[in-house]
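The chains referred to below are lettered A, B, ... by the order of the sequence lines, with proteins before strands, and numbering in each begins at 1.
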2 protein chains.
Amino acid sequence: MTAETQGLKEVGLKITLPRVKILNILAAESVRHVSAEDIYKILLEKNEDIGLATVYRVLTQFENAGLVSRHHFEGGHSVFELSPEHHHDHIVCIKCGHVEEFADPDIEARQKDIAKRLGFELTDHDLNLYGFCADCR
Amino acid sequence: MTAETQGLKEVGLKITLPRVKILNILAAESVRHVSAEDIYKILLEKNEDIGLATVYRVLTQFENAGLVSRHHFEGGHSVFELSPEHHHDHIVCIKCGHVEEFADPDIEARQKDIAKRLGFELTDHDLNLYGFCADCR
DNA sequence: CTAGTTGCAAATCATTTGCACTTGC
DNA sequence: GCAAGTGCAAATGATTTGCAACTAG
């Protein structure tokens, strides 16, 4: 049993072809931060017979299971990535869509302070920076 | 001429009934952070004959003109608010939807550093914290 | 076997657009 | 008066759902 199928079993999902295929795509080094549509296109290119609806269903199941994270970027497009072991935020190029990750302990710490000060019990957060990347500016 | 109509004129938009009505709603103390649908409902309650399409068009124009800011919160819903004189971010209660604003100079500064380090020309950013507010925890 | 899963097409939701009609200046 | 603005209905794009067929355990 591979690491992927192991992960599926752990979250109580049957090990099916579509799920494994999608998990493999998410795990591919080259394609961090993909949209559902992206995944669907990649599957088509590989001549896999998997419907777009299934892609969405599987991604949603993975998200609920905590296997993947969903991010809503500006311009109304969502991307998915395998849940990182270590939290990070994103900076997105508004021209070419290129995404870089970053993590900043100071920012994280300040966020906790702020939530505390305002009486919130923090469960999650979303920080996205937008601009032109080195190639597009 | 009121402050609102003044604002419209400054950004080169004709002073029309729908625009003034929508601006008034956005300016109302009680309704910071409204969705397009919210505004449409408020207009209906006031028996104003303004279409949802117009609400979207007007909000988009306002956004382009810099009069209002659009925020994409989790769960795929967008909210609008009058552009604040001073930038701030948001913390949102995932149970009751209550929104508080905050600003943190340190975080802002770190963001600029990060963008610079990654070679981005920063144009915008979006920071949202999610959790349970004091009343819902 | 049989509950969970899938593919497909149709449905839904938020938002946008085409177009004939109206209004602000 | 006329360009800009609007209402409505139809179009769009992303995502969800109903349902009969299929498959993993």
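Ring pair A:His125/A:His87 is perpendicular by interplanar angle, where above 60° counts as perpendicular and below 30° as parallel.
Put simply, A:Ser78 has no side-chain N or O that comes within less than 4.0 Å of OP1 or OP2 on D:dA14.
Distance CD (B:Glu48) to C1' (D:dG7): 14 Å, rounded to an integer number of Å. Protein atom CD1 of A:Ile39 is 14 Å distant from nucleotide atom P of C:dT6, rounded to whole Å. Taking atom CG of residue A:Leu43 and atom C1' of nucleotide C:dT6, one finds them 13 Å apart after rounding to whole Å. Atoms CZ (A:Arg19) and P (C:dG4) sit 11 Å apart, rounded to a whole Å. The separation between B:Glu37 atom CD and C:dT12 atom P is 16 Å, rounded to whole Å. Going from atom CD1 of A:Ile15 over to atom P of D:dG25 covers 5 Å, rounded to whole Å. Residue B:Lys41 contributes atom NZ, which lies 12 Å from atom C1' of C:dA14 at whole-angstrom precision. Summarising the geometry, the separation between CG on A:Leu17 and P on D:dA24 is reported as 7 Å, rounded to the nearest angstrom.
Without hydrogens or angle criteria, A:Ser35 side chain to A:Val79 main chain gives no donor-acceptor distance under 3.5 Å. With hydrogens and angles disregarded, no donor-acceptor distance shorter than 3.5 Å links the side chain of B:Ser78 to the backbone of B:His72.
A side-chain contact (heavy atoms from CB on, under 4.5 Å) with B:Val34 is found for exactly one of B:Ile39, B:Ile22, B:Val68, B:Leu59, namely B:Ile39. Just one residue in the list A:His98, A:Arg137, A:Glu100 forms a side-chain contact (heavy atoms from CB on, under 4.5 Å) with A:Cys93, and that residue is A:His98.
Taking five base pairs at each end of the helix from C:dC1-D:dG25 to C:dC25-D:dG1 and finding the rotation axis that steps the C1' atoms of four pairs onto the next four gives two axes whose angle is 30°, to the nearest 10°.
Among the nucleotides C:dT6, C:dT5, D:dG5, the one closest to any side-chain atom of B:Thr16 is D:dG5.
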Write down the protein N/O and nucleotide N/O pairs, taken from nucleotides 16-23 of chain D, whose separation is under 3.5 Å; answer none if there are no such pairs.
| residue | atom | partner | partner atom | Å |
| --- | --- | --- | --- | --- |
| D:dG18 | O6 | A:Arg57 | NH1 | 3.2 |

Show your reasoning for whether side chain to side chain donor-acceptor pair (under 3.5 Å) applies to B:His86 and B:Glu101.
CA-CA 11 Å; B:His86 300 292; B:Glu101 303 170 351; over 6 Å; no
Practice item. Decide side chain to side chain donor-acceptor pair (under 3.5 Å) for A:His33 and A:His90; before the verdict, give the C-alpha distance in whole Å, the side-chain angles of both, and the deciding distance to 0.1 Å. Key: CA-CA 10 Å; A:His33 311 110; A:His90 297 95; 2.9 Å; yes
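When hydrophobic clusters are built by joining Ile, Leu, Val, Met, Phe, Trp and Tyr residues whose side-chain heavy atoms come closer than 4.5 Å, directly or via intermediates, A:Ile107 is not grouped with A:Val99.
In this structure, CG on A:Leu127 lies 8.0 Å from CG on B:Asp89, to the nearest 0.5 angstrom.
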